[in-house]
Amino acid sequence: MICDSESTFRAAPAQVRGNQRIAPEDIEAVLGSAGMQIFKLVPTDIERQLRVTFPDLLDAQVTIGLPNQVFVDLRERTPVIA
């Protein structure tokens with residue numbers, strides 16, 4: 001079986017968990033990872049960009065899984081006044 005690495009290792013849309021107030025579409029727009037080569041994604045850079053863009057985040061962890069998975073686990077700050 002021949003593997004088409006050109007499409008096999010292209011990142012799928014991220015699987016985002018833990019977000020309550022931040023829309024998944026907004027997170028995906030910041031990530032911009034869908035369709036990129038999975039080997040070029042740097043989790044620490046993505047985490048930093050998420051925390052800069054969304055100051056409401058307490059923590060962001062990005063995990064890359066082969067062949068094309070991107071997992072984003074978020075913890076949002078609890079607002080004092082909602």
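Heads up: numbering here begins at 1 and tracks the sequence. Being a predicted model, the structure only gives us computed values, none of them experimental.
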Quiz item: Going only through I, L, V, M, F, W and Y residues with side-chain contacts under 4.5 Å, is there a path from V52 to L41?
Solution: no
Quiz item: What's the spacing between L57 CG and I22 CD1 if we round to 0.5 Å?
Solution: 4.0 Å
Quiz item: Considering only heavy atoms from C-beta outward, does the side chain of V62 approach that of L50 to under 4.5 Å?
Solution: yes
Quiz item: Could you go step by step and tell me if Q49 and D45 meet the side chain to side chain contact (heavy atoms under 4.5 Å, CB included) rule?
Solution: CA-CA 6 Å; Q49 184 61 39; D45 291 347; over 6 Å; no
Exercise. Kindly indicate whether the side chain of I27, heavy atoms from C-beta on, has any atom under 4.5 Å from the side chain of T53.
Key: no
Practice problem: List the steps and the verdict of side chain to side chain contact (heavy atoms under 4.5 Å, CB included) for F54 and D26. | Solution: CA-CA 10 Å; F54 302 109; D26 294 339; 4.1 Å; yes
Quiz prompt | Residue pair E28 / S33: nearest heavy atoms and the distance that separates them | solution = OE2-OG, 4.0 Å
Exercise. Kindly give the heavy-atom pair with the smallest separation between P43 and I64, and that separation in Å.
Key: CG-CG1, 3.7 Å
Quiz item: What's the verdict on side chain to side chain contact (heavy atoms under 4.5 Å, CB included) for L74 and R17, showing C-alpha distance, side-chain angles and the deciding distance?
Solution: CA-CA 6 Å; L74 303 174; R17 300 176 289 218; over 6 Å; no
Quiz item: Just how far is it from atom CG of L66 to atom OG1 of T8, taken to the nearest 0.5 Å?
Solution: 11.0 Å
Self-check item: Exercise: identify the closest heavy-atom pair between R77 and L58
Solution: NH1-CD1, 3.4 Å
Practice problem: Might you work through the side chain to side chain contact (heavy atoms under 4.5 Å, CB included) test for Q15 and F71, ending with a clear yes or no? | Solution: CA-CA 5 Å; Q15 297 179 34; F71 301 100; 3.3 Å; yes
Quiz item: Measuring from E47:CD to Q61:CD, what's the distance to the nearest 0.5 Å?
Solution: 6.5 Å
Exercise. To the nearest 0.5 Å, tell me how far D73 CG sits from N19 CG.
Key: 10.0 Å
Quiz item: Can you tell me how far CZ of R21 sits from CD of E76, rounded to the nearest 0.5 angstrom?
Solution: 4.5 Å
